[in-house]
A.B. asks: 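Just passing along the structure, written as C-alpha cells.
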Protein chains: 2
Amino acid sequence: MEPNIDALLPLRDVVFKTLRQAILTGELKPGERLMEIHLAEKLGVSRTPIREAIRQLELEGLVIMVPRRGAQVAHITEKSMSDVLEVRLALDELAVKLACERITDEEISLLRSACADFEDAVSSADIRSITSADVAFHDIIFKASRNSRLIQMVNNLAEQMYRYRFEYIKDDSGWQSLITEHRMITDAIAMRDSQLAERAIHVHIKNQENSILRTIRREEKDLTRKQ
Amino acid sequence: MEPNIDALLPLRDVVFKTLRQAILTGELKPGERLMEIHLAEKLGVSRTPIREAIRQLELEGLVIMVPRRGAQVAHITEKSMSDVLEVRLALDELAVKLACERITDEEISLLRSACADFEDAVSSADIRSITSADVAFHDIIFKASRNSRLIQMVNNLAEQMYRYRFEYIKDDSGWQSLITEHRMITDAIAMRDSQLAERAIHVHIKNQENSILRTIRREEKDLTRKQ
DNA sequence: ACAGTGCATACTGTATACAATATACAATTC
DNA sequence: GAATTGTATATTGTATACAGTATGCACTGT
C-alpha cells in the first residue's frame with residue numbers, strides 16, 4: 001500500500017485510489033477497521049485527506065461507516081453482490097439499447113476492432129490482456145450510449161466486482177463462449193437491433209453473474225469451514 | 001438556510017441536508033460558488049463539516065468541483081436531466097419487476113392502501129400531501145424489490161428531480177391520469193405480472209419525464225431571453 | 001494608452017490541535 | 001464471585017492554523 005505520489009492530484013484522490021486498490025486486492029480485509037491516524041502515518045499525510053477519501057469509499061460501497069467508530073472494509077456477501085449484479089444487468093441492457101440508437105459508424109468500426117482485439121487477447125491466453133480487452137470493448141458501448149450519468153454509475157458498480165473479474169476470466173473453459181457473446185453483441189449493435197442486443201448482453205452478464213456468485217459461495221463455504 | 005440543529009446527527013450530515021435543501025429550493029442558484037468560510041460562518045460551524053458535506057453533494061451531482069476553485073452549484077441542463085431520467089426509467093422498471101417476484105401479501109395490502117391514500121390526497125388538492133403520498137407509494141415498491149443497492153441508487157437520482165417534482169404535480173390536468181397509472185401499477189404488481197407492471201411504470205415515468213423536460217425547456221428559453 | 005510585472009487578497013488544500021465519546025479494564029461494592 | 005461504576009486510553013468529530021496557489025488590481029515601463 002505505497003502511496004502513488006502524483007504531485008498533480010489532490011492528496012485525497014491519491015489516498016482514495018491507494019485505499020481502493022488495497023481493498024480490492026485484499027490487502028485490507030473485510031471487517032478490518034480503517035483508522036485514520038494509522039493510515040495517515042502509513043501514507044505520510046494528515047488525517048484530513050484520509051477522511052475525505054474514506055467518504056468516497058463509502059459512496060462506492062467499499063467501506064461502511066459506523067457512527068463514532070469510523071469506517072471498516074465492507075463484507076462482500078452473496079446478497080450484496082447479487083444486488084449489485086441485478087442493477088448492473090439493468091444498466092448494461094440500457095446501455096446497449098441506447099448505443100443501438102446513437103452509435104456512429106466510426107464507433108461501430110471501433111467496436112468491431114475491439115471485438116477482434118479481444119479474440120486476439122484470448123489466443124494469447126494472457127489474463128491481463130484479456131481483461132483489459134474486455135474492459136475496452138464494453139467501454140466503447142458505454143460511450144456510445146451518450147449518457148454520462150449512466151457511465152458514471154456503471155463505473156461505480158464495476159469497482160465492486162473488480163476483485164472477481166479475474167475469477168471468471170481465469171476459467172479458460174468459458175473463453176470461447178465469451179468470444180461468441182461479444183460477437184453477438186457487436187453484430188446486434190452494428191445492425192442497430194436493440195432487442196437482439198439486449199438479449200445478447202443479458203446472456204453475457206448472466207454468465208458472469210453465475211461465475212461470480214459461484215466464486216463467492218465457494219469463498220463463504222471456505223470461511224465457515226475455517227471457523 | 002437555517003441549520004436544522006439535530007444534536008444526534010454528525011454536523012456533516014446536518015450541513016449536507018441544509019445545503020441540499022438550499023440547492024433544491026433554489027436558494028443557492030446554479031453556478032453560484034460554495035465558499036467554505038462563508039458557509040461555515042453562516043451555519044455556525046467550522047470548515048471541516050462543510051467540506052465533507054460538499055464532497056457528498058458532489059457525488060449526488062448537485063455541485064461540481066473545480067480544482068483549486070472549490071464547488072459550485074451544478075447547472076441543470078435538459079441533457080443532464082434526460083440522462084438522469086433515462087437511467088431512472090431503467091431502474092424503476094427493474095424495481096417493479098423485482099417487486100413482482102418478491103412482494104409479500106402484506107406489502108400488497110400496503111400498496112393498495114398507499115394507492116388509495118394517493119387518491120384521497122388528490123381529492124384534497126393539497127400539493128404537499130399529494131407529493132408525499134406519491135413518494136410513499138413508490139417507496140413501498142422499492143422496498144419490495146429487496147435490493148438495497150437499487151434503493152440507494154434510485155434515491156440519489158431522485159434528489160436531482162426533486163426540484164421539478166412540484167412542477168409535474170402542480171398541473172392538475174394530469175392528476176386523473178396519475179391515479180389511473182398508480183392503479184394500473186398496483187394491480188399489475190398485485191397479480192405479480194411483471195411484464196404488465198413494467199409497461200405500466202414505463203408509461204408513468206415517461207409522462208413525468210415529458211413534464212419535467214417541458215419545464216426545463218421553458219426555463220432555458222426564459223433564461224436566454226433574459227440575457 | 002497599453003502591456004506586463006509584481007503585489008495584495010481570497011480562497012482551497014493540508015496539517016494539527018482540541019473536544020467529545022466509546023471501549024476496555026480495573027477497582028469497589030453487594 | 002458477579003455486577004457495576006470509575007478511569008484511562010484510543011479514536012472519531014470538530015475547529016483552527018498554516019501553506020500554496022489563483023485572481024484581480026495597481027503600478028511601472030514603453
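Worth knowing before you read on, the calculation uses all heavy atoms, side chains too, and leaves out hydrogens, waters and symmetry mates.
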A.B. asks: Applying a 4.0 Å non-hydrogen cut-off, can you work out what A/Arg69 is touching in the nucleic acid: base, sugar-phosphate, or nothing?
C.D. replies: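 The answer is sugar-phosphate, as A/Arg69 gets under 4.0 Å only of primed atoms, P, OP1 or OP2.
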
A.B. asks: Tell me which residues in residues 50-68 of chain B lie within less than 4.0 Å of DNA chain C, going by non-hydrogen atoms.
C.D. replies: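 Going residue by residue through residues 50-68 of chain B, the ones with a heavy atom under 4.0 Å of DNA chain C turn out to be B/Arg51, B/Arg55, B/Arg68.
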
A.B. asks: Go through the structure and list residues passing side chain to side chain contact (heavy atoms under 4.5 Å, CB included) with A/Glu198, not counting sequence neighbours.
C.D. replies: A/Glu93, A/Val96, A/Lys97

A.B. asks: Please give me the minimum heavy-atom distance between B/Val73 and B/Lys29, naming the atom from each residue.
C.D. replies: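 What the structure gives for the nearest pair is CB-O, 3.3 Å.
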
A.B. asks: Of the non-hydrogen atoms in B/Ala74 and B/Gly61, which two are nearest, and what is the gap between them?
C.D. replies: CB-O, 3.6 Å

A.B. asks: So, do B/Leu213 and B/Ser82 sit near enough that their side-chain heavy atoms are less than 4.5 Å apart?
C.D. replies: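 In contact.
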
A.B. asks: Among all residues two or more places apart in sequence or in another chain, which pass the side chain to side chain contact (heavy atoms under 4.5 Å, CB included) test with A/Ala114?
C.D. replies: A/Phe137, A/Ile140

A.B. asks: Would you mind telling me which residue lines up with the more 5' stretch of DNA chain C, A/Ser46 or B/Ala71, judged by nearest nucleotide?
C.D. replies: B/Ala71

A.B. asks: Roughly how far, to the nearest 0.5 Å, is the CD atom of B/Gln208 from the CG atom of B/Leu85?
C.D. replies: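 With rounding to 0.5 Å, CG (B/Leu85) is 8.5 Å from CD (B/Gln208).
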
A.B. asks: Under 4.0 Å from any heavy atom of chain A: name the first and the last nucleotide of DNA chain D that qualifies, 5' to 3'.
C.D. replies: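 Listing 5' to 3', DNA chain D meets chain A from D/dT11 to D/dT14.
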
A.B. asks: List the residues meeting side chain to side chain contact (heavy atoms under 4.5 Å, CB included) with B/Glu41, not counting sequence neighbours, and say none if there are none.
C.D. replies: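 Expected list: B/Ile37.
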
A.B. asks: Nearest heavy atom decides the nucleotide; on that basis, is B/His38 or A/Pro49 closer to the 5' end of DNA chain C?
C.D. replies: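 The answer here is B/His38.
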
A.B. asks: How long is the line joining CZ of B/Arg47 and C1' of C/dA10, in whole Å?
C.D. replies: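 For the pair B/Arg47 CZ and C/dA10 C1', the rounded distance is 11 Å.
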
A.B. asks: Holding to side chain to side chain contact (heavy atoms under 4.5 Å, CB included), I want the full list of residues that pass it with A/Gln152, two or more places apart in sequence or in another chain.
C.D. replies: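 Residues passing side chain to side chain contact (heavy atoms under 4.5 Å, CB included) with A/Gln152: A/Arg149.
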
A.B. asks: Provide, to the nearest angstrom, the distance between the CE atom belonging to A/Met35 and the C1' atom belonging to C/dA22.
C.D. replies: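 Computing the A/Met35:CE to C/dA22:C1' distance gives 14 Å.
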
